[in-house]
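Both backbone and side-chain heavy atoms feed into the values below; hydrogens, waters and symmetry mates do not. Keep in mind the model is a prediction, meaning the values are calculated, not measured.
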Amino acid sequence: MAKDWIQSLAQGRQGREIETQALQNLYSVHVLKGLIQCNFISEYPKSYLDGNWHVGAIATLIDIAGASAIVTVVGNINVSVDFSISYFSPAKIDEEVEIEAKVLGRQGNLSSNMVVIKNKENGELTAVGKQWMSAFDLKHKSKL
């Protein structure tokens, strides 16, 4: 389910434009329980004028990759309740990066993950994202 979801977003078959644009050049998706590994090449629409990968596009990619990793364990889509990103070095247009999203743990309805993005050629760290996500129940009716 997780692999189909992330690939359909990357191919623009589902999702919102911000998601499909951020994932457009995602490929080589490898999925195991609690782990997503993939490669990505940033292109012009997701960059600043100075030729660097836009931090908002990085954040969107981290959010989706982390959610996909959690789907492999929980089996349903989750929503972010806590999200932090550390940016280490810029990625340039047309540079290939490796993305690894790993589930760190679960507590009740909450799951934690970490997403690491590295430059594929030199191994330099681009960004690390950590988040807590909560199970999302479409049938739940709020009492608010």
Side-chain angles (χ1 to χ4, degrees), residues 1-138 140 142:
M1 176 179 162
K3 186 173 186 175
D4 290 341
W5 179 55
I6 199 168
Q7 286 180 326
S8 68
L9 287 171
Q11 295 166 0
R13 290 182 286 149
Q14 73 173 11
R16 293 177 290 261
E17 184 177 1
I18 190 169
E19 298 164 330
T20 60
Q21 285 290 316
L23 296 177
Q24 197 170 39
N25 289 331
L26 188 76
Y27 70 97
S28 184
V29 179
H30 181 71
V31 178
L32 297 171
K33 186 173 184 176
L35 179 71
I36 301 277
Q37 295 173 318
C38 49
N39 295 328
F40 180 81
I41 299 173
S42 181
E43 62 179 14
Y44 175 71
K46 294 174 278 295
S47 64
Y48 282 120
L49 294 176
D50 65 0
N52 291 329
W53 190 11
H54 193 284
V55 295
I58 293 171
T60 301
L61 183 58
I62 288 173
D63 188 38
I64 294 168
S68 297
I70 289 175
V71 166
T72 68
V73 174
V74 177
N76 60 346
I77 306 297
N78 288 252
V79 294
S80 298
V81 293
D82 185 43
F83 190 33
S84 67
I85 302 172
S86 298
Y87 297 96
F88 295 95
S89 65
K92 298 286 186 190
I93 295 173
D94 296 329
E95 280 185 342
E96 185 174 7
V97 295
E98 297 174 318
I99 301 157
E100 181 175 276
K102 187 183 304 185
V103 175
L104 300 177
R106 291 183 62 202
Q107 184 173 353
N109 280 343
L110 295 175
S111 300
S112 175
N113 70 60
M114 180 170 71
V115 180
V116 177
I117 301 176
K118 294 181 185 179
N119 183 299
K120 186 170 181 174
E121 185 176 312
N122 62 22
E124 190 173 88
L125 197 58
T126 299
V128 174
K130 295 180 182 176
Q131 67 188 145
W132 281 92
M133 301 191 91
S134 178
F136 182 69
D137 183 0
L138 293 172
H140 177 72
S142 174

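Listed by first and then second residue, the side-chain hydrogen bond (donor to acceptor under 3.5 Å, both in side chains) pairs that reach into residues 101-114 are Asn113-Gln131, sequence neighbours excluded.
Proximity of a side-chain donor or acceptor of Thr72 to a complementary backbone N or O of Gly34 within less than 3.5 Å is detected.
Note that CD of Glu95 and NZ of Lys120 are 13.5 Å apart. Values are rounded to the nearest 0.5 Å. Remark: Ile117 CD1 to Glu98 CD distance equals 11.5 Å, nearest 0.5 Å. Between the CG atom in Asp63 and the OG atom in Ser68 there is a gap of 9.5 Å [rounded to 0.5 Å]. Atoms OG and CD1, on Ser80 and Ile64 in that order, are 10.0 Å from each other to the nearest 0.5 Å. Distance check: Met114 CE to Lys130 NZ gives 6.0 Å after rounding to the nearest 0.5 Å.
Listed here is the closest heavy atom pair of Ala65 and Ile36: O-CG1, 4.2 Å.
With a 4.5 Å cut-off on side-chain heavy atoms, Val115 and Ile99 count as touching.
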Residues 84-92 side chain polar contacts: donor-acceptor under 3.5 Å, at least two apart:
unit_1: Tyr87; atom_1: OH; unit_2: Val55; atom_2: O; d: 3.1
unit_1: Ser89; atom_1: OG; unit_2: Glu124; atom_2: OE1; d: 3.0
unit_1: Ser89; atom_1: OG; unit_2: Leu125; atom_2: O; d: 2.8
unit_1: Lys92; atom_1: NZ; unit_2: Asn52; atom_2: OD1; d: 2.8

